[in-house]
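Worksheet for the structure shown next.
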Amino acid sequence: MTREEKRKIRLELNDLLDRHCGGCEFKSGYENHKQCLNDCHIGEQFRSLTAILVGDINPNDEETSVKKGRWEQEEVNYLINHLPYFSVNHLAMRLNRDPKHVSGKIHRIKAKRKRVS
């Protein structure tokens, strides 16, 4: 996503806040944010825009497909180098793989290291 596209989304978020949330009864207080996010149609728009902004979803695809099949050597190297620093879910997101498959690959790498040692 380009910088200009991110800027447009942030401006749209600010515009929604200014137009709709200024006098909202749910806006004030930490306890009320759940009702705002769950019951308000503006809250739904916020969720969808922020998901696009942080890269959780692709605006053109309904479902993002994860990689399947053989692991490339770059993926294995990334996994080995970043395993001590990140969770399995984070690594799965970065590698565009299912967390169960990443966990299984980690287990196989560790087992292979034990056999070699």
ask   = Is it true that Val66 and Tyr78 fall in one hydrophobic cluster, defined by side-chain heavy atoms closer than 4.5 Å?
value = no
ask   = CD/Glu74 to CG/Leu79 distance, rounded to the nearest 0.5 angstrom?
value = 13.0 Å
ask   = Do the side chains of Arg97 and Trp71 get nearer than 4.5 Å, heavy atoms only?
value = yes
inquiry  = Please enumerate all residues that pass side-chain hydrogen bond (donor to acceptor under 3.5 Å, both in side chains) together with Arg3, with sequence neighbours excluded.
reply    = none
request  = Starting from the C-alpha separation in whole Å, work towards a yes-or-no answer on side chain to side chain contact (heavy atoms under 4.5 Å, CB included) for Leu83 and Lys110.
outcome  = CA-CA 11 Å; Leu83 181 60; Lys110 287 181 178 181; 4.1 Å; yes
key: CD1-CD distance between Ile52 and Glu5, expressed to the nearest 0.5 angstrom   = 10.0 Å
message = Quick check: is Leu11 connected to Leu16 through a chain of hydrophobic side chains (ILVMFWY, heavy atoms under 4.5 Å apart)?
response = no
request  = Sequence neighbours left out, what passes side-chain hydrogen bond (donor to acceptor under 3.5 Å, both in side chains) with Asp15? Give chain and number order.
outcome  = Arg19
ask   = Atom CD1 of Ile80 and atom CD1 of Ile109: how far apart are they, to the nearest 0.5 Å?
value = 4.5 Å
ask   = Side chains of Val102 and Asn89: does their closest heavy-atom pair fall under 4.5 Å?
value = no
ask   = Hey, what do you get for CD1 (Ile9) to CG (Asn14), rounding to the nearest 0.5 Å?
value = 12.5 Å
inquiry  = For Lys67, give me all partners under salt bridge (Lys or Arg N to Asp or Glu O under 4.0 Å), at least two apart in sequence or on another chain.
reply    = Glu75
note = Distance col, row Leu95:CG vs Met93:CE, nearest 0.5 angstrom, shows 9.5 Å
ask   = In chain order, what residues pass the side-chain hydrogen bond (donor to acceptor under 3.5 Å, both in side chains) check against Asn77, with sequence neighbours excluded?
value = Gln73
inquiry  = Taking the side chain as everything from C-beta on, heavy atoms only, tell me whether His101 gets closer than 4.5 Å to Ile106.
reply    = no
ask   = Can you find a pair of side-chain heavy atoms, one from Glu12 and one from Lys8, that are under 4.5 Å apart?
value = no
query = Members other than Val116 in its cluster, when Ile, Leu, Val, Met, Phe, Trp, Tyr link by side-chain heavy atoms under 4.5 Å?
reply = none
request  = Look at atom CZ of Arg108 and say whether more than 12 heavy atoms of other residues, nucleotides or ligands are closer to it than 6.0 Å.
outcome  = yes
Salt bridge (Lys or Arg N to Asp or Glu O under 4.0 Å) against Arg7, all qualifying residues, sequence neighbours excluded = none
remark   = Between Ala92 and Asp98, the two heavy atoms sitting closest are CB-C, 4.1 Å
